[in-house]
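Below: the structure, in structure tokens.
Only a predicted model underlies this, so the values are computations on that prediction, with no experimental measurement involved. All values below were derived from every heavy atom in this structure, side-chain atoms included, with hydrogens, water molecules and symmetry-related copies excluded. Indexing begins at 1, ligand by ligand and atom by atom, following the structure's order.
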Amino acid sequence: MSEKSFPQGFLWGGATAANQCEGAYNVDGRGLANVDVMPHGPERWAVGMGDRKMLSFEDGYYYPAQTGIDMYHHYKEDITLFAEMGFKTYRLSIAWTRIFPHGDEIEPNEAGLRFYEDLFRECKKHGIEPLVTITHFDCPIHLIKEYGGWRSRKLIEFYKRLVTVLFTRYKGLVKYWLTFNEINMILHLPFMGAGLVFSEGENKQAVEYLAAHHELVASAWATKIAHEIDSKIMIGCMLAAGTYYPYSCRPEDVREAQICNQDNYFFVDVQSRGAYPHYALKKLERLGINIGITEEDRAILAENTVDFISFSYYSTRCVAGAGSEVENTVGNAFIGTKNPYLKETQWGWAVDPLGFRITLNDMYDRYQKPLFVVENGLGAQDVVEEDGSVNDDYRIQYLRDHIAAMRDAVIEDGVELLGYTTWGPIDLVSAGTGEMSKRYGFIYVDRDDAGAGTLARSKKKSFAWYKKVIASNGADLG
Ligand code: P53
């Protein structure tokens with residue numbers, strides 16, 4: 001092995017989420033979830049924020065999650081393509097509503113359980129280790145209507161029921177589990193992230209932190225239950241990461257960046273250290289928010305910290321403090337200002353490979369637990385040539401730069417990293433915009449923003465490139 005290759009056993013792969021690829025939203029007894037009723041188009045954002053209440057399909061809207069890329073019926077073909085690239089792992093998520101269509105049933109839906117069992121067996125057949133997100137933003141609609149989503153403490157019970165079924169049924173098949181995808185999204189897209197809808201005049205922040213507390217407690221319970229059922233299981237938390245830079249070295253800017261970083265770390269601090277950090281308790285006190293932490297909560301959190309820390313990285317963020325010449329705005333769900341040193345993607349996301357190395361170091365310094373990068377990639381518009389090929393050199397460039405920065409963090413800086421899964425190894429529906437045209441894949445899917453297309457899969461230029469990266473264990477990025 002060359003000195004530039006990653007540690008032996010490094011888990012290379014790709015990541016997807018049920019609602020962005022499976023489709024088959026009403027097949028085999030599946031129930032409806034918040035993520036299904038997110039429409040494509042201008043209202044998507046307001047729905048995701050919980051400001052525009054949409055709890056069923058309404059006329060005149062297109063809902064891309066209904067069909068996704070129909071992976072429900074194509075998964076064998078898709079996993080075969082992943083295997084051809086040499087994937088060691090495949091990150092996917094369970095749709096809660098396939099297992100418990102309403103969320104509060106006692107008995108699970110066997111058809112849903114069987115679907116994922118078959119899928120995991122298919123992975124194993126190809127030597128691919130499944131990495132499973134228990135909830136990737138999804139919350140059954142029934143739980144939203146009946147209990148108000150994660151604002152209700154009852155959800156902890158339903159979640160415990162879900163994970164008990166999953167860990168028992170898939171014992172020996174799945175080793176790596178993530179409890180909640182991008183848990184911090186609660187603060188940014190609360191309906192999409194936690195099934196929260198608000199009534200007028202309600203203190204949104206109070207509801208968000210209450211819901212976050214319930215998810216944090218549920219996550220700790222999941223860790224406890226997992227280890228009791230199978231001591232080999234590794235449980236991870238999952239953060240939408242990306243260090244906040246100060247806009248300048250002006251102390252107000254630096255302080256603002258510090259506050260934003262703390263707001264983001266808050267979740268992982270609890271999941272990894274087992275208690276609410278000092279700054280978070282003070283913040284809640286200042287805002288007059290009571291999240292009702294019980295003695296039992298405290299004990300569960302303290303005794304059941306995560307085994308590893310996973311995160312998504314797309315870019316760093318940049319913020320200005322009070323009195324700055326520039327203003328912070330909300331873009332890509334996070335507050336910030338444009339970083340003048342960085343180029344942006346077609347969707348306005350800053351591109352910052354060195355920031356990836358910085359973020360990896362920040363996370364490892366803070367937690368000293370193994371990390372897992374479970375999302376990274378470039379959303380871009382692809383052009384299909386007349387011969388059917390897609391020459392996505394821009395995607396190769398983005399990934400090459402980021403993998404090189406990750407290699408520096410691991411080899412030069414000593415960051416302990418279990419693996420790396422790119423986002424959307426096969427084109428899928430964008431979570432942020434609902435578009436198909438924001439593509440991340442090595443595999444092209446013939447489907448457009450309005451849902452037209454044959455769904456045929458084909459390899460892009462980046463397919464062979466990523467295959468070579470994996471075969472050389474990251475030494476050959478050429
Ligand atoms: P898309 C922003 C907004 C929404 C979800 O995003 C996000 C982010 C990025 O931090 O998070 C993750 O599809 C998420 C995936 C998602 C991916 O980013 O808007 O875990 O579900 O698809 C990429 O380009």
Side-chain angles (χ1 to χ4, degrees), residues 14-22 33-36 38-41 44-50 64-65 68-69 71 91-95 131-139 178-194 236-244 260 263-264 267-268 310-317 330-336 344-352 355-356 359 372-382 395 398-399 402 421-441 445 447 449:
T16 62
N19 74 89
Q20 291 172 254
C21 63
E22 280 179 8
N34 56 341
V35 285
D36 299 326
M38 299 270 303
H40 172 248
R44 185 176 180 85
W45 205 253
V47 174
M49 298 279 288
I69 54 163
M71 212 193 216
R91 174 181 176 227
L92 67 138
S93 82
I94 299 268
L131 162 61
V132 181
T133 318
I134 297 165
T135 48
H136 193 118
F137 298 146
D138 55 335
C139 182
L178 307 178
T179 51
F180 289 92
N181 181 62
E182 297 192 338
I183 191 161
N184 50 326
M185 266 310 172
I186 270 193
L187 303 180
H188 308 285
L189 286 165
F191 177 72
M192 187 170 90
C237 54
M238 196 312 194
L239 184 78
T243 297
Y244 283 88
C260 289
D263 277 346
N264 217 42
F267 302 88
V268 181
S310 83
F311 63 91
S312 61
Y313 176 84
Y314 293 92
S315 69
T316 47
R317 299 145 192 165
V330 178
N332 171 26
F334 294 88
I335 194 152
E344 290 179 350
T345 70
Q346 290 165 332
W347 272 266
W349 294 18
V351 176
D352 186 7
F356 191 19
T359 300
F372 207 136
V373 175
V374 296
E375 286 184 32
N376 173 240
L378 174 70
Q381 231 144 8
D382 288 332
R395 185 167 292 109
Y398 178 101
L399 293 170
H402 283 76
T421 58
T422 64
W423 177 249
I426 181 165
D427 294 343
L428 37 64
V429 177
S430 157
T433 70
E435 293 163 306
M436 262 314 290
S437 51
K438 191 181 185 189
R439 297 173 183 275
Y440 287 85
V445 177
R447 187 169 192 82
D449 289 343

> Which part of Q20 is near ligand 1, with near meaning a heavy atom under 4.0 Å away: side chain, backbone, both or neither?
Replying inline: side chain

> Going by the atom numbers of ligand 1, which of them fall below 4.0 Å from some non-hydrogen atom of H136?
Replying inline: 14 (C), 15 (C), 20 (O), 21 (O)

>> For a quick test of reading the model, state the closest non-hydrogen atom pair linking T179 to I134 and the distance between them.
In response: O-CB, 3.7 Å

> Is there a heavy atom in M185 that sits closer than 4.0 Å to ligand 1?
Replying inline: yes

> With a 4.0 Å heavy-atom cut-off (strictly under), which part of F311 contacts ligand 1: side chain, backbone, both or neither?
Replying inline: neither

> Do side-chain atoms of R44 reach the backbone of A431 as a donor and acceptor pair under 3.5 angstrom?
Replying inline: yes

>> Is the contact between N181 and ligand 1 made by the side chain, the backbone, both, or neither, using heavy atoms and a 4.0 Å cut-off?
In response: side chain

>> Can you name the atoms of ligand 1, numbered from 1 with element, that are less than 4.0 Å from a heavy atom of K438?
In response: 1 (P), 19 (O), 24 (O)

> Looking only at heavy atoms, what is the nearest atom pair of S93 and A18, with distance?
Replying inline: OG-N, 2.8 Å

> Of the non-hydrogen atoms in L178 and R91, which two are nearest, and what is the gap between them?
Replying inline: CD1-NE, 3.5 Å

> How close do L428 and I69 get, heavy atom to heavy atom, and via which atoms?
Replying inline: CA-CG2, 4.2 Å

> Which atom pair, heavy atoms only, marks the closest approach of L399 to N376?
Replying inline: CD2-OD1, 4.1 Å

> Taking non-hydrogen atoms only, is Y440 closer than 4.0 angstrom to ligand 1 via side chain, backbone, both or neither?
Replying inline: side chain

>> Please report whether ligand 1 has a polar contact with R317, defined as an N or O pair separated by less than 3.5 Å (distance criterion only).
In response: no

>> At less than 4.0 angstrom from any non-hydrogen atom of S430, what atoms of ligand 1 do you find?
In response: 1 (P), 13 (O), 19 (O), 24 (O)

> Which class fits the ring pair F311 and F356: parallel under 30°, tilted 30 to 60°, perpendicular over 60°?
Replying inline: perpendicular

> In a check of side chain to side chain donor-acceptor pair (under 3.5 Å) between E375 and each of Y314, W423, Y440, which one passes?
Replying inline: Y314

> With a cut-off of 4.0 Å, which atoms of ligand 1 are near a heavy atom of A431?
Replying inline: 1 (P), 13 (O), 16 (C), 19 (O), 21 (O), 22 (O)

> Going by the atom numbers of ligand 1, which of them fall below 4.0 Å from some non-hydrogen atom of G432?
Replying inline: 1 (P), 13 (O), 19 (O)

>> Given F137, W349, Y313, W423, identify the one with the heavy atom nearest to atom 6 (O) of ligand 1.
In response: W349

> Considering only heavy atoms, does A17 approach ligand 1 within less than 4.0 Å through its side chain, its backbone, both, or neither?
Replying inline: neither

> Is a side-chain donor-acceptor pair under 3.5 Å present for N181 with T133?
Replying inline: no

